[in-house]
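Report on the following structure.
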Amino acid sequence: MEYDFRKIEREWQEKWQSDKVYRVSNESDKPKYYVLDMFPYPSGAGLHVGHPLGYIASDIYSRYKRLKGFNVLHPMGFDSFGLPAEQYAIETGQHPAETTQKNIATFKAQLDKIGFCYDWDREVRTSDASYYKWTQWIFLQLFNSYFCNTEKKARPISVLVKKYETRGAMPKIGDPISGKHFTADEWNGFSKQRQEEILMNRRLAFSKYGEVNWCEALGTVLANDEVVNGVSERGGHPVEKKKMRQWYLRITSYADRLLEGLETVDFSDSMKEMQKNWIGKSQGAEMDFAIKGKDKKLKVYTTRPDTIFGVDFMVVAPEHELVTAITSAEQKDAIEKYLKYVKSRSERERLAEAKTITGCFTGAYAINPFDGKEIPIWIAEYVLAGYGTGAIMAVPCGDDRDFKFAQHFNIPITNIIGEYFNGEEANATKEATLQNSGFLNGLLMKDAIGVAVDKIEDMGIGIRKVNYRMRDAGFSRQRYWGEPFPIIWSDGIAIPLDADELPLELPHVDKYGPGPEGEGPLANIIDWINLPGGRRETSTMPGYAGSSWYFLRYMDPHNAATFCDRKASDYWNQVDLYIGGTEHAVGHLLYSRLWTKVLFDLGHIGYEEPFKKLVNQGMITGSSRFVYTLNPVFGYNPFEKDQYPDFSFPTVYVSKKYFDNYENNQVEVREKLEFIFKTEYQVPFEFSYNFITGPISIHVDVNVVDGVELDINAFKSKQGNKNSVFVTEDDGKYICGVETEKMSKSKYNTVNPDELCNKFGADTFRMYEMFLGPIEQSKPWDTKGIEGVHRFLRKLWRLFFDDVKGKVWTDSKASDAELKVLHKTIKKIEEDTERFSFNTAVSTFMICVNELADIKCHKKEVLENLLILLTPYAPHIAEELWSQLGNEGTILDATYPSFNPALLVESSKEYPVSINGKVRTNINLSLDLQQADVEKIIGENEIVQKWLEGKAPRKVIYVKNKMINVVV
RNA sequence: GCCCAUGUGGCGGAAUUGGUAGACGCAGCAGACUCAAAAUCUGCCAUUCGCAAGGGUGUGAAGGUUCGAUUCCUUUCGUGGGCACCA
């Protein structure tokens, strides 16, 4: 009986589905375990082999945990709102709902083919009204909450209103608009608009006019993490700053808690580092400098107050509000000119030319409060208006940018760090002892920081201050294919819908073009936006809205009364294992952590970190192949037309060797071409070096290349033209070039998992993906090695069935040697699986099967247990053989074999004995020996004596179970 | 520029706590079976000297700690990723 993987896999997949073996209950006596994949955006391109890597890993771990006796939740769904579907709609007119539907069907079919154990009954789609109803509901929770700065948590906005009505605003916070605090009486006297405006400044989801990243080409606003190097992450379109009314999430309030939460979760160091960098917390001081001859103060932010005596100039951002007020009459023209120049530059130019130093002196001077020194105030682009106070004190001896600026404009530099500053470049050390620094003289810089801040606070000219780089997250998009905001604008007041009015369904549109004045497509639907009491919000929520809480919906996917029943979220609790790529480090992962914290603060769920452990699968890069063409210069035909009227010059492909060193190989290429033309085309070939343009590399479909050797016939029919000539290497092979690149259709380096499943089976595919290398490492795809894994499964099959004899397994009792092989494997597989070392686990299986084949072990007792171990990795073949052995039901309900250490214990062992690091002999020793016994035996051993040449061993190192080293 | 990874045969990679480096697989070479092919099986496979036994050298490079380093430390180079005027 043969290993007919196609039949086996089809039948078992059908059976799993019809028997609903993967259905998960929220009630169980077993301990729970939640395994989650980052759900995909269902793009039109379908899956390539890079996508399933993480899914296979999570599937293996889920099945393993289930076998280990856990109630495992392992769901899947689709992040189905988003830009590409809408772009596609604009191009083709197809409704995004339709294309999304179609793409999801393709994705599901592809996923099912690989044999994942998803409970599809729990599938969620972010674009379903039954789902986004709750996305809207959570948005309203955010809208109706504020961040209480004393309790450091979210509370209902009604609590704040009550406070205002009874006590007014606390002195430190006050009216965020005027900056003044107000009494209860004042509050009650404010107009409704004024009150709402004040409240809007505290809501966690709020609307304000602000500078946003506007992308003209996409016709929408983008979040900071969606802009990369001044262009949009998707499509690479230019992005500019624009003032618009937008929705935001007040993520900055949670900066500290997001930072602290990282200590409680198991993420990789690099992932934590990325999030920390993004939040960008810095501690320092904010202090006021008097301005000579004016009654205004200049407020600066610094992390290095210890360098206060090294301040040689001040720099304020060009947009700073004081600029016009402090500019002297003489400098007025220069400053205006500079401001004009700054305004003319796009964000992109600014970023691209970051190294060029520009700036302009305002003519004003600030006064150093400690020594009365007059400090010139400059404006320059390199100081950002949006960070800190938009003004800095420049210390050229300690800061690189300040140093370069001082040099460029010939500003004298004060050295306060002695020999640490060499005059050539700035030194940002904190280890120097301060000089020329008044009351700080003689102090180590790192100690002086605290001393300086204390003094500043004592003098009442400044305060300690923490700053964050992170900004509030933009939350609206001028787009169609997203969640509509459940908000109605009325007289400038945002009025939320009631919970029972949800979902606010996305209306149907005929056109996907933008609305008037930068509004989204929804603004075009007059009937929909205009209501008796006001006008609907026309923007929609961004892609990350739906994905910020989907892990909760899986727990209770069909609940129409609430987003997730508290009982369900208490039972499943945190995601125990989350698997996905690093690309979501600062987007999705930060936002979902924020949403979880807010829901926790408001008492809707019982934990504030959504993901306990995160594993980032590495990217599978494509291994592109290249062919090299030699082309005749356009229009040139080297043959006499009259003689050969039908002949057109073929495309010439040269093998890699000739591309690498074309100059030196021209003659050889010419000879080979001449020969080919004479023999195959029967045409004379008068070659001129000049008519050919040198080899050009072009991508060739990896599927027509075997390793690096081109399958010429397949290439001709698939990509090239029939009339092509191949200049091969001397052995007749055409060798392609190789380069590792990101997998993409345009590079012809994608490999479709369906094809591999058809050719080798899903089990082979799953194991091979794991076998490629460590899960977290990115690695190039190479189809070639898949044969080896396939061979292993066939070999496993032959332990059960012989092609001729049929079934070969027996019921007889297993020998010690056979059990030893099994238990060695049990131990190793368990260790490997637990530490996500799936590649070594596959190796372990191969070794086990090889050993069992070597000792001709066909004992049911051994094989049955091996199958259970194998189930997570290759579920189809395991199920089939399990049932062939006469077992009922799914193997997933079998008992995971436990490792019996007694079987592996030996009484004695051959130890290698090395003398000064070189292995000289082997010695058989019993395992219960102690260090002293070994020393004695070694001292008496004849061979060792011989190698020691009469000297006594200085030291005997006995590493239990490993080796003995004798040192002379 | 700063931060974080990472570097091992022709290739993917293994070595879990400092203990015989190169497991397992691919590719390659030789052989068995076969009319032949496929499939399967056996042996070889870091490098160098040697007929062999055996020896030298080897984990990007240079140092260091140690009886012993792919593993720890310092310096340096290459690759990948993140951040980038954040004061």
Side-chain angles (χ1 to χ4, degrees), chain A residues 2 229 268-278 280-282 284 300-304 307 315 350-351 353-357 380-384 386-395 398-402 404-405 428 467-471 582-583 585-586 616 618-619 621 623 707-708 738 740 768 771-774 776-789 791-792 794-795 798 803 828 831-832 834-835 837 839-847 850 853 911-919 922 953-968:
Chain A
E2 257 183 48
N229 291 329
S268 71
D269 288 345
S270 62
M271 173 61 63
K272 287 185 180 180
E273 200 65 31
M274 272 190 249
Q275 295 210 353
K276 279 182 197 161
N277 285 342
W278 187 260
K281 181 175 183 171
S282 69
V300 303
Y301 176 72
T302 180
T303 55
R304 296 296 299 276
T307 61
V315 189
R350 252 186 92 159
L351 285 167
E353 298 159 26
K355 295 284 175 286
T356 20
I357 297 161
E381 272 187 296
Y382 84 89
V383 172
L384 304 176
Y387 183 78
T389 61
I392 62 153
M393 53 182 230
V395 183
D399 184 283
D400 194 45
R401 292 154 303 171
D402 299 347
K404 289 194 174 122
F405 193 84
N467 260 325
Y468 301 95
R469 182 157 43 194
M470 183 170 64
R471 303 290 143 80
T582 37
E583 66 272 20
V586 292
N616 295 115
M619 195 171 43
T621 48
S623 183
V708 290
V738 179
T740 301
Y768 183 59
F771 187 63
L772 274 178
E776 302 210 64
Q777 192 175 302
S778 70
K779 55 230 158 211
W781 176 264
D782 177 17
T783 303
K784 236 179 165 179
I786 200 168
E787 297 270 1
V789 176
R791 241 169 257 162
F792 149 74
R794 285 210 304 265
K795 199 164 183 176
R798 287 199 302 274
D803 288 354
K828 191 79 181 12
E831 284 168 0
D832 287 344
E834 287 287 3
R835 67 188 173 108
S837 180
N839 56 329
T840 53
V842 175
S843 294
T844 305
F845 281 121
M846 289 176 171
I847 294 166
N850 282 341
Y911 278 89
V913 180
S914 65
I915 293 159
N916 283 342
K918 278 272 159 244
V919 178
N922 284 313
R954 186 157 66 84
K955 208 167 169 188
V956 175
I957 297 140
Y958 167 57
V959 182
K960 203 162 177 149
N961 281 323
K962 296 271 183 186
M963 63 173 306
I964 296 159
N965 191 14
V966 183
V967 183
V968 185

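Note on naming: letters A, B, ... go to the chains in the order of the sequence lines (proteins, then strands), and numbering restarts at 1 for each one.
Summarising the geometry of A/R304 relative to A/M393, their closest heavy-atom pair is O-CE, 3.7 Å, with the distance given to 0.1 Å. Residues A/A394 and A/V315 share a closest heavy-atom pair of CB-CG2, 4.4 Å. Here the closest heavy-atom approach between residue A/V966 and residue A/V913 is recorded as CG2-CG1, 4.0 Å.
Residue A/N965 places a side-chain atom within donor-acceptor reach of the base of B/rC67, judged by atom type and a 3.5 Å distance cut-off alone.
B/rG7 adopts an anti glycosidic conformation, its chi angle falling more than 90° from 0.
If you check B/rA5 for Watson-Crick or wobble pairing at under 3.5 angstrom, you find it paired to B/rU79. Nucleotide B/rA21 forms a pair with no other nucleotide shown, judged by Watson-Crick or G-U wobble geometry with both contacts under 3.5 Å. In this structure, B/rA39 makes no Watson-Crick or G-U wobble pair, since no nucleotide meets both defining distances under 3.5 angstrom. Nucleotide B/rU66 forms a pair with no other nucleotide shown, judged by Watson-Crick or G-U wobble geometry with both contacts under 3.5 Å.
Looking at A/D782 and A/Y768, their side chains never bring a donor and an acceptor atom within 3.5 Å of each other. Looking only at atom types and distance, the side chain of A/N965 has no donor-acceptor partner in the side chain of A/K955 under 3.5 Å away.
Using a 4.0 Å heavy-atom cutoff across all strands shown, A/K828 reaches at least one base atom of the nucleic acid. Looking at heavy-atom distances under 4.0 Å, A/D400 makes no contact with the nucleic acid at all. Across all strands, A/T844 comes closer than 4.0 Å to no nucleic acid atom at all (heavy-atom distances).
In this structure, A/R469 does not reach the B/rA84 phosphate: none of its side-chain N or O atoms is under 4.0 Å from OP1 or OP2. A/N850 has a side-chain polar atom (N or O) that falls below the 4.0 Å cut-off from OP1 or OP2 of B/rG25. A sub-4.0 Å separation between OP1 or OP2 of B/rC41 and a side-chain N or O of A/K795 is present. Checking the phosphate oxygens (OP1, OP2) of B/rA87, a side-chain nitrogen or oxygen of A/Y387 falls inside 4.0 Å. A/R794 has a side-chain polar atom (N or O) that falls below the 4.0 Å cut-off from OP1 or OP2 of B/rU40.
With rounding to the nearest 0.5 angstrom, the CD1 atom of A/I357 is 9.0 Å from the OH atom of A/Y382. The distance from atom CE of A/M274 to atom OG of A/S268, rounded to the nearest 0.5 Å, is 6.5 Å. One distance of note links OG of A/S843 with CG of A/N850; it measures 10.5 Å at 0.5 Å rounding.
To the nearest whole angstrom, the two C1' atoms, one in B/rG58 and one in B/rU8, are 10 Å apart. Comparing the same atom, P, in B/rC11 and in B/rU66 gives a spacing of 36 Å after rounding to whole Å. Taking atom C1' on both nucleotides, B/rA23 is separated from B/rA5 by 25 Å, rounded to a whole Å. With P as the reference atom, B/rA84 and B/rG28 are 48 Å apart, rounded to whole Å. Across B/rA14 and B/rU6, the matching P atoms stand 12 Å from one another, rounded to whole Å. B/rG13 sits 9 Å from B/rG25 when the C1' atoms are compared, rounded to a whole Å. B/rG1 sits 13 Å from B/rU76 when the P atoms are compared, rounded to a whole Å. As rounded to the nearest Å, B/rA32 and B/rU48 have C1' atoms that lie 32 Å from one another.
Residue A/M846 places its side chain closer to B/rC24 than to any other of B/rU40, B/rC67, B/rC24. Distance from the side chain of A/V959 is smallest for B/rG19 among the nucleotides B/rG25, B/rA23, B/rG19.
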TODO: Let me have a per-nucleotide readout for nucleotides 6-14 of chain B, 5' to 3', with B, S or -, counting only protein heavy atoms under 4.0 Å.
DONE: ------BSS
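Annotation: of the two residues near RNA chain B, A/I392 and A/S914, the 5′-most nearest-nucleotide partner is A/S914. Comparing A/G788 and A/R798 by the nucleotide of RNA chain B whose heavy atom lies nearest to each, the residue mapping closer to the 5' end is A/G788.
Ring planes of A/Y387 and A/Y301: perpendicular class, angle over 60° (limits at 30 and 60°).
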Produce the list of close N/O pairs, under 3.5 Å, pairing protein atoms with atoms of nucleotides 71-74 of chain B; give distances to one decimal.
none

